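Below is one structure, written out as structure tokens; the observations come after it.
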2 protein chains.
Amino acid sequence: MGNDPMTLAGTRERLRSRGLRWTPQRRAILDVLAATDGHITSAELVERCRLRDPETTGSTVHRTLDLLERLGLVRHSHGHDGRLEYHVLPSTEHGHIICESCGATSEIGPDAVRGLVAALEEQSGYRIDLNHLAIAGICATCR
Amino acid sequence: MGNDPMTLAGTRERLRSRGLRWTPQRRAILDVLAATDGHITSAELVERCRLRDPETTGSTVHRTLDLLERLGLVRHSHGHDGRLEYHVLPSTEHGHIICESCGATSEIGPDAVRGLVAALEEQSGYRIDLNHLAIAGICATCR
DNA sequence: TTAAATGCAAAGGGTTTGCACCGGA
DNA sequence: TCCGGTGCAAACCCTTTGCATTTAA
């Protein structure tokens with residue numbers, strides 16, 4: 001449940017309607033992304049695609065991710081090591097809290113920060129995008 | 001006022017007490033950082049150092065930044081383009097709110113988020129580092 | 001058929017590293 | 001003098017790009 005952040009069929013149609021093609025590689029990438037919770041580096045994505053098709057190449061994966069980002073299905077950022085990290089757009093808006101020590105992440109639901117967001121929006125004049133909320137700290141285990 | 005995030009003299013002593021050296025290059029880098037508000041990419045830092053000494057090299061700047069990070073004077077992260085970005089540690093703890101459209105940033109003071117931070121710390125078990133709080137949104141001008 | 005997509009390999013761009021020389025303390 | 005720092009250039013790593021080939025439609 002709550003496990004359907006992107007519809008494969010919908011993507012296929014979306015591609016076709018733009019004259020783009022639905023290939024086995026793209027299907028594999030979408031499958032992996034659909035099974036991804038939160039974010040994934042391109043290297044991880046390549047690796048998981050190779051479980052299905054060992055011939056998967058990095059350039060195709062990168063190009064497909066660019067495409068998916070243009071379609072609005074994923075968003076990229078850069079991890080603590082500077083590598084590309086793709087976030088599967090979540091069905092429910094949420095932020096992340098990241099451990100500075102071990103890199104573990106947890107989600108922050110909208111409820112936890114609703115009051116703050118309202119206050120900040122008023123104070124700063126910004127309209128806040130909760131999906132890009134990233135808070136750093138030290139997790140319980142590392143402390 | 002509030003414009004003295006790192007004392008040059010203090011850094012010099014800190015280095016010396018560890019058997020490390022106070023060089024013209026390090027002095028230039030510290031001077032530039034002291035005049036930096038918020039964050040700076042390593043390329044910008046190199047460029048500004050070259051205004052003072054055109055011979056400044058990237059490797060020295062990078063190595064010095066590593067050192068300063070170990071000393072706790074700066075912190076690195078990765079900008080939207082993936083390049084290294086160094087944050088001069090502020091005297092007063094604060095976070096940032098960033099416009100997704102134009103890239104403008106504003107500071108978020110501790111007061112604005114105190115309640116949230118307390119709630120999140122309890123809920124997540126993390127000890128939150130407010131200096132790494134980054135919130136994305138669309139600023140008033142871009143809306 | 002035909003333009004999009006792929007795969008390979010090479011190019012890019014920023015960061016890091018090895019090493020000989022330099023220079024604070 | 002002695003070790004840490006510097007500068008240069010090469011090495012690295014990940015990402016992007018050019019181009020010939022494959023393939024979805």
Side-chain angles (χ1 to χ4, degrees), chain A residues 8-9 11-32 39-50 52-71 73-86, chain B residues 8-9 11-32 39-50 52-71 74-87:
Chain A
L8 293 176
T11 301
R12 183 175 64 222
E13 294 319 317
R14 189 136 44 148
L15 291 174
R16 284 183 173 158
S17 70
R18 299 184 181 212
L20 305 176
R21 289 166 189 173
W22 184 242
T23 65
Q25 293 86 344
R26 288 180 175 175
R27 196 199 145 109
I29 291 166
L30 266 292
D31 280 355
V32 170
H39 51 80
I40 186 172
T41 63
S42 38
E44 285 168 347
L45 185 43
V46 169
E47 196 180 326
R48 292 188 201 169
C49 284
R50 285 214 237 260
R52 162 196 291 242
D53 173 9
E55 305 300 300
T56 304
T57 62
S59 57
T60 293
V61 169
H62 278 110
R63 280 190 283 227
T64 298
L65 286 167
D66 286 350
L67 173 64
L68 295 178
E69 188 156 27
R70 265 178 266 128
L71 293 181
L73 293 171
V74 300
R75 275 245 176 120
H76 83 270
S77 63
H78 295 271
H80 71 287
D81 56 0
R83 290 187 305 173
L84 278 173
E85 203 165 87
Y86 285 85
Chain B
L8 293 176
T11 300
R12 184 176 62 221
E13 293 319 318
R14 192 142 32 153
L15 290 175
R16 283 183 174 159
S17 70
R18 297 183 183 213
L20 305 176
R21 289 167 188 170
W22 184 242
T23 64
Q25 293 86 342
R26 289 181 176 175
R27 196 198 148 112
I29 291 166
L30 267 293
D31 280 356
V32 170
H39 51 79
I40 186 172
T41 63
S42 38
E44 285 167 346
L45 185 44
V46 169
E47 197 181 325
R48 293 189 201 169
C49 284
R50 285 214 237 258
R52 162 195 291 241
D53 173 9
E55 306 300 301
T56 303
T57 62
S59 56
T60 293
V61 170
H62 279 110
R63 281 189 282 227
T64 299
L65 286 168
D66 286 350
L67 172 64
L68 295 179
E69 188 156 27
R70 266 177 266 128
L71 293 181
V74 300
R75 276 250 173 115
H76 83 269
S77 63
H78 295 271
H80 72 287
D81 56 1
R83 289 188 305 173
L84 277 172
E85 202 166 88
Y86 285 85
H87 300 251

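Since the structure is predicted, the reported quantities are computational estimates derived from the model, not experimental observations.
- Across His76(B) and Leu84(B), no two heavy atoms sit closer than the pair CD2-CD2, 3.5 Å.
- Two residues are said to be in side-chain contact when any heavy atoms from C-beta on lie closer than 4.5 Å; Asp31(B) and Arg52(B) meet this criterion.
- Nucleic acid contact class of Thr23(B) (heavy atoms, under 4.0 Å, all strands): sugar-phosphate only.
- Protein atom CD of Glu69(A) is 15 Å distant from nucleotide atom C1' of dT16(D), rounded to whole Å.
- Rounded to an integer number of Å, the gap from Arg12(A) CZ to dA24(D) P is 14 Å.
- Atom CG of Leu67(B) is separated from atom C1' of dT6(D) by 14 Å (rounded to the nearest Å).
- The closest side-chain heavy-atom distance from Arg27(A) to Leu30(A) is not below 4.5 Å.
- The nucleotide range of DNA chain C contacted by chain A, defined by atoms under 4.0 angstrom from heavy atoms of the protein and reported 5' to 3', is dA3(C) to dC8(C).
- Between Ser42(B) and Leu65(B), the closest side-chain pair of non-hydrogen atoms falls below 4.5 Å.
- Nearest-nucleotide positions on DNA chain D for Ser59(B) and Arg26(B) put Arg26(B) closer to the 5' end.
- Across all strands shown, Arg16(A) has heavy atoms under 4.0 Å from sugar-phosphate atoms exclusively, and none from any base.
- For the pair Leu30(B) CG and dG5(D) P, the interatomic distance rounds to 13 Å; values are reported in whole Å.
- Here the side chain of Arg21(B) is nearest to one of dT16(D), dC3(D), dG18(D), namely dC3(D).
- Following rounding to the nearest Å, Arg27(A) (CZ) and dT23(D) (P) show an atom-to-atom distance of 18 Å.
- Residues Thr64(B) and Thr23(B) form no side-chain contact, since every pair of their non-hydrogen atoms from C-beta on lies 4.5 Å or further apart.
- Look at CZ on Arg83(B): it is 16 Å from C1' on dT16(D), rounded to the nearest Å.
- At least one side-chain heavy atom of Leu67(A) sits less than 4.5 Å from a side-chain heavy atom of Arg26(A).
- Taking OG1 of Thr60(B) as the start and CG of Asp53(B) as the end, the distance is 10.0 Å to the nearest 0.5 Å.
- Contacts of Gly82(B) with the nucleic acid, taken as non-hydrogen atoms under 4.0 Å apart, are absent.
- Between Gln25(A) and dT23(D) there is no side-chain N or O to OP1 or OP2 distance below 4.0 Å.
- Nucleotide dT6(D) holds its P atom 11 Å from the CG atom of Leu65(B), rounded to whole Å.
- If you check every strand for non-hydrogen atoms under 4.0 Å, Gly58(A) touches nothing.
- Here the nucleotide nearest the side chain of His62(A), chosen from dT6(D), dT15(D), dA9(D), is dT15(D).
- Between Ile40(B) and Arg48(B) there is a side-chain heavy-atom pair separated by less than 4.5 Å.
- Comparing Asp66(B) and Asp53(A), the nucleotide of DNA chain C nearest to each residue sits closer to the 5' end for Asp53(A).
- In this structure, the CG atom of Leu71(B) is 15 Å from the C1' atom of dG5(D), given to the nearest Å.
- Map Arg63(B) and Leu20(B) each onto its nearest nucleotide of DNA chain C; the residue landing nearer the 5' end is Arg63(B).
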